[in-house]
Amino acid sequence: MSTNHRPLLLAGREEQLRTDVSSVKGAQFRRLLDECERYRGLPLAAEHPDASITYVGAAAANLALAFRLTGQQHYLTELRRWLDVAVGFPHWGKAHLPDHDLDAGWLLHGLGLAFSWAGDALLENDRARLRDKLILQGTRLHDFAVASEGGWWASSYWQNHNWICFAGLATAAYAIADEHPAAVAWSDLAKANFDTVLDLLPEDGSNNEGVVYWRYGVPWLVSYLDVLRSAEGTDWFPRSAYLRETFWYRLYQAAPDLERIVNHGDCHDRRSGHSVALYYKLAAEYGIPQAQWLARRVADGFFWREAYESGVRPGVRAEAYQELLWFDPDVAEAGPDVLPTSRYFPDLGLVVGRTSWQPDATLVSVKAAPGGGHTAWNASARLDLERGWTTLNAGHQHPDAGSFAILGHGSYLAIDEGYSSRKRTDHHNGVLVDGHGFVNEDRYHVFENIDRQHTAEVMTTTLAGGWVHTVSEIGAMYDPALGVQRLRRHLVMSPSGTVFTVDECVAREPRTFTWLLQTDNPPAPLGDGRYLAQAGSGCLLVTLLGPADATTEVHSTTVQANPTSSTPALAIVTEQYTLRHRTAPVSSAIFVAVLESRPWNGVAPAVVTGSVRDRTVRLRVTAGGHREDVAVHLDGLAPELPVTAGRAQVVGTGFAASTGGTPSVAASVLPDSTIEDGLLR
């Protein structure tokens with residue numbers, strides 16, 4: 001057994017942990033041992049592979065913890081095999097920034113923990129080699145961070161590279177500082193960084209990089225705070241509003257089945273979103289019963305599909321040591337059924353609503369904010385001006401302000417592109433102007449060096465009575481040469497899951513405006529402005545109400561991506577289908593669409609009607625004896641919607657809606673049936 005009496009994360013709790021693994025932490029202990037057993041059959045390359053080696057760090061931590069708790073020598077023997085490989089590589093990382101990026105951060109963390117937990121039990125030569133390698137790699141990473149401050153991850157406070165590299169650097173520093181006092185400079189640098197990071201993260205818990213990079217990056221925030229508290233006795237968990245709220249961002253970006261995700265931003269796939277360990281930690285630190293519940297739901301039901309189908313490596317299996325350490329059996333569990341079905345995250349301009357918490361529910365998610373979100377956008381502008389730095393690295397965010405995703409009946413109905421190396425508005429459910437999307441698009445870092453005038457915002461949101469209503473203004477996101485004066489999206493979802501979109505487009509001179517809808521399969525024309533997009537267990541019925549003279553076509557769109565710089569040859573290629581509803585050159589246009597979420601065989605047509613008068617758009621959907629009425633005022637004034645007995649009504653800024661059984665024929669006529677300017681059918 002190791003004689004280290006101040007092991008990171010274990011000091012003062014080691015004996016209790018040994019007791020708990022035979023009782024309340026038995027399942028987590030079994031996970032750890034199973035993961036360590038898996039390592040025995042894995043071949044290890046003598047030379048650094050072309051792909052990432054992040055998994056080596058996690059394996060070392062798992063094996064060291066298993067040895068520390070059980071004293072079984074075979075875990076130490078296997079640990080030595082993995083350490084020998086890691087120490088033998090002359091560099092950590094190969095294809096991109098060797099020694100200076102993610103591979104180095106991951107291995108410094110994992111091997112730092114292994115040194116702290118099992119180092120004294122190693123043969124003296126092996127222990128010295130590991131210590132010296134940590135000194136070498138830690139020095140390289142620290143020096144790079146100092147030299148590159150203001151340029152890349154060392155000052156990219158909202159970015160996963162920053163969190164991973166500094167957390168790894170700090171872990172290694174705390175592990176070897178007694179023998180290498182110069183490492184204190186590493187932990188001091190990391191502490192100063194995270195002191196800034198915690199103050200700059202958005203208070204609503206949202207993440208501009210999307211769910212997949214949330215799942216990849218946020219565990220490192222809590223990993224750092226964990227080793228900080230263990231090594232220095234400084235507890236920064238209570239000060240972080242971001243960490244206190246961020247589970248809600250993840251939960252509300254879960255698909256209705258809770259297994260898959262809403263994939264705004266760079267997402268490798270639709271499944272890479274779960275971290276049992278992180279759910280445990282957020283539940284433990286902030287007393288969140290839904291996080292505890294979701295962790296068990298994933299562990300019992302979703303874990304192996306996540307492990308085998310996720311495109312993120314090393315993935316959920318590697319986190320066994322964190323699951324064991326971070327699980328608090330005293331935190332109660334509660335499902336999401338008691339929570340509101342909709343939520344607004346103001347920093348990211350993210351509005352999410354679902355018809356219920358059941359797996360067959362319909363969900364809509366739409367967002368509109370500046371690059372990185374409001375906090376990052378404003379703070380980076382200030383820091384860059386004061387220090388001459390570049391701090392906003394929002395390369396994983398897409399040019400998708402105002403774009404939406406619809407999931408329903410177990411299917412993805414109106415989709416996001418996922419991961420893309422050349423990001424374009426044309427890949428999203430947005431609007432083009434003369435065929436152009438947002439300024440600075442068609443590259444990886446859309447928001448890099450972008451002029452600060454190019455911002456989007458949510459103007460108003462109403463979440464009540466099962467209705468979701470939001471208005472976003474995105475006109476400033478286009479090249480000023482296009483002369484866009486207003487591009488305003490009004491989006492509504494009804495309690496039944498029908499989505500209504502009203503897009504007002506205004507330019508100084510005639511432009512061709514194109515409304516876009518992305519689907520997995522080609523929408524089939526049904527006539528009279530209707531289309532059917534099939535999607536397995538669900539389908540989307542699309543009714544295009546205006547402009548009446550717009551032309552419509554469907555074509556395939558190919559999206560390509562390299563999801564990791566550490567493996568340049570890795571490619572993701574996806575095919576999606578784009579419905580384009582295009583005007584002739586006009587100075588103004590109003591696009592109106594009704595998107596009905598249906599089960600795969602529920603294609604009986606609803607009666608969809610609409611009108612526009614006095615800057616108010618009124619829409620109605622009647623199906624199966626049920627009617628939904630929506631009124632939106634294009635300038636945010638109070639629209640009139642007659643109150644009918646027996647019908648539930650919701651009113652918000654520039655919005656009114658009602659739902660209920662179909663009234664008499666006489667009462668079902670739209671109060672404003674006049675159509676102005678041929679805008680609606």
Between [atom1] on residue [X] and [atom2] on residue [Y], distance to nearest 0.5 Å:
{"X": "Leu123", "Y": "Asn125", "atom1": "CG", "atom2": "CG", "answer": "8.0 Å"}
{"X": "Tyr249", "Y": "Asn207", "atom1": "OH", "atom2": "CG", "answer": "5.0 Å"}
{"X": "Glu78", "Y": "Leu63", "atom1": "CD", "atom2": "CG", "answer": "6.0 Å"}
{"X": "Glu309", "Y": "Arg271", "atom1": "CD", "atom2": "CZ", "answer": "4.5 Å"}
{"X": "Arg68", "Y": "Leu113", "atom1": "CZ", "atom2": "CG", "answer": "11.5 Å"}
{"X": "Leu107", "Y": "Lys133", "atom1": "CG", "atom2": "NZ", "answer": "9.0 Å"}

Is the backbone N or O of [Y] less than 3.5 Å from a side-chain atom of [X], with the two atoms forming a donor-acceptor pair by type?
{"X": "Ser116", "Y": "Gly112", "result": "no"}
{"X": "Ser272", "Y": "Val212", "result": "no"}
{"X": "Lys281", "Y": "Gln322", "result": "no"}
{"X": "Trp92", "Y": "Gly105", "result": "no"}
{"X": "Thr375", "Y": "Leu201", "result": "no"}
{"X": "Ser155", "Y": "Gly150", "result": "yes"}
{"X": "Glu232", "Y": "Thr234", "result": "no"}
{"X": "Thr19", "Y": "Glu15", "result": "yes"}
{"X": "Asn62", "Y": "Ala58", "result": "yes"}
{"X": "Ser156", "Y": "Gln159", "result": "no"}

State plainly whether the residues [X] and [Y] are in salt-bridge range, i.e. N to O under 4.0 Å.
{"X": "Arg244", "Y": "Glu285", "answer": "no"}
{"X": "Asp34", "Y": "Arg30", "answer": "yes"}
{"X": "Glu319", "Y": "Arg215", "answer": "yes"}
{"X": "Arg422", "Y": "Glu441", "answer": "no"}
{"X": "Glu245", "Y": "Arg343", "answer": "yes"}
{"X": "Asp400", "Y": "Lys423", "answer": "no"}

### Task
Determine, stepwise, if the pair Asn440 / His445 fulfils side-chain hydrogen bond (donor to acceptor under 3.5 Å, both in side chains).
CA-CA 8 Å; Asn440 212 42; His445 294 285; over 6 Å; no
### Query
Taking the six-membered ring where the residue is Trp, are the ring centres of Trp158 and Trp377 under 6.0 Å apart?
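Here the rings of Trp377 and Trp158 have centres that are no less than 6.0 Å from each other.
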### Query
When the aromatic ring centroids of Phe327 and Tyr280 are compared, is their separation below 6.0 Å?
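That pair passes the under 6.0 Å test.
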[X] vs [Y] side-chain heavy atoms within contact, under 4.5 Å:
{"X": "Tyr286", "Y": "Phe247", "result": "no"}
{"X": "Trp117", "Y": "Leu9", "result": "yes"}
{"X": "Ile261", "Y": "Asp269", "result": "no"}
{"X": "His268", "Y": "Tyr213", "result": "yes"}
{"X": "Tyr75", "Y": "Leu33", "result": "yes"}
{"X": "His264", "Y": "Leu350", "result": "yes"}
{"X": "His142", "Y": "Leu189", "result": "yes"}
{"X": "His48", "Y": "Ile53", "result": "yes"}

### Query
Among all residues two or more places apart in sequence or in another chain, which pass the side-chain hydrogen bond (donor to acceptor under 3.5 Å, both in side chains) test with Gln292?
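Testing Gln292 for side-chain hydrogen bond (donor to acceptor under 3.5 Å, both in side chains), a comparison that skips the adjacent residues, returns none.
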### Message
I need the minimum non-hydrogen distance between Ser421 and Asn562, along with the two atoms involved.
### Response
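Looks like OG-N, 2.9 Å.
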## Note on the structure
Closest non-hydrogen contact found for Asp347 with Ala369 is O-CB, 3.7 Å
Indicate whether any N or O donor in one side chain lies under 3.5 Å from an N or O acceptor in the other, for [X] and [Y].
{"X": "Tyr419", "Y": "Gln560", "value": "no"}
{"X": "Tyr39", "Y": "Glu35", "value": "yes"}
{"X": "Arg382", "Y": "Thr391", "value": "no"}
{"X": "Thr54", "Y": "Asp103", "value": "no"}

### Message
Using the side chain to side chain contact (heavy atoms under 4.5 Å, CB included) criterion, which residues pair with Ala173? Sequence neighbours excluded.
### Response
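Listed in chain order: Ala183, Trp186, Ser187.
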Geometric class of the [Y]/[X] ring pair [parallel <30°, tilted 30-60°, perpendicular >60°]:
{"X": "Tyr444", "Y": "His396", "result": "perpendicular"}
{"X": "Trp82", "Y": "Tyr55", "result": "perpendicular"}
{"X": "His161", "Y": "Trp152", "result": "tilted"}

### Task
Please lay out, stage by stage, how Leu325 and Leu17 fare under the test side chain to side chain contact (heavy atoms under 4.5 Å, CB included).
CA-CA 8 Å; Leu325 295 178; Leu17 191 57; 3.7 Å; yes
Residue pairs, two or more places apart or on separate chains, that pass salt bridge (Lys or Arg N to Asp or Glu O under 4.0 Å) and touch [range]:
{"range": "residues 42-67", "value": "Asp50-Lys94"}
{"range": "residues 140-158", "value": "Asp99-Arg140"}
{"range": "residues 192-204", "value": "Asp195-Arg239, Asp199-Arg239"}

### Task
Return the set of residues passing salt bridge (Lys or Arg N to Asp or Glu O under 4.0 Å) with Asp101 (not counting sequence neighbours), or none when no residue passes.
none
### Query
Given Leu136 and Thr139, is the side chain to side chain contact (heavy atoms under 4.5 Å, CB included) satisfied, shown in steps?
CA-CA 5 Å; Leu136 174 63; Thr139 301; 5.9 Å; no
### Query
How far apart are the C-alpha atoms of Leu324 and Leu65, what are their side-chain angles, what is the distance that settles it, and do they pass the side chain to side chain contact (heavy atoms under 4.5 Å, CB included) test?
CA-CA 10 Å; Leu324 178 59; Leu65 183 58; 3.9 Å; yes
### Query
Within 45° of the ring axis of Trp236 and under 6.0 Å from its six-membered ring centre, is that where the NZ or CZ of Arg229 lies?
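The answer is no, since Arg229 fails at least one limit relative to Trp236.
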### Query
Between Ser52 and Leu102, does a side chain to side chain contact (heavy atoms under 4.5 Å, CB included) hold up when you go through it step by step?
CA-CA 9 Å; Ser52 168; Leu102 297 178; over 6 Å; no
### Message
Exactly one of Phe144, Tyr157, Trp153, Tyr224 should register a ring pair (Phe, Tyr, Trp, His ring centres under 6.0 Å) with Phe166. Which one does?
### Response
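With Phe166 as partner, Phe144, Tyr157, Trp153, Tyr224 yield a single ring pair (Phe, Tyr, Trp, His ring centres under 6.0 Å), made by Trp153.
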### Message
Does atom CZ (Arg40) have a neighbourhood of more than 12 heavy atoms from anything else shown, all under 6.0 Å?
### Response
no
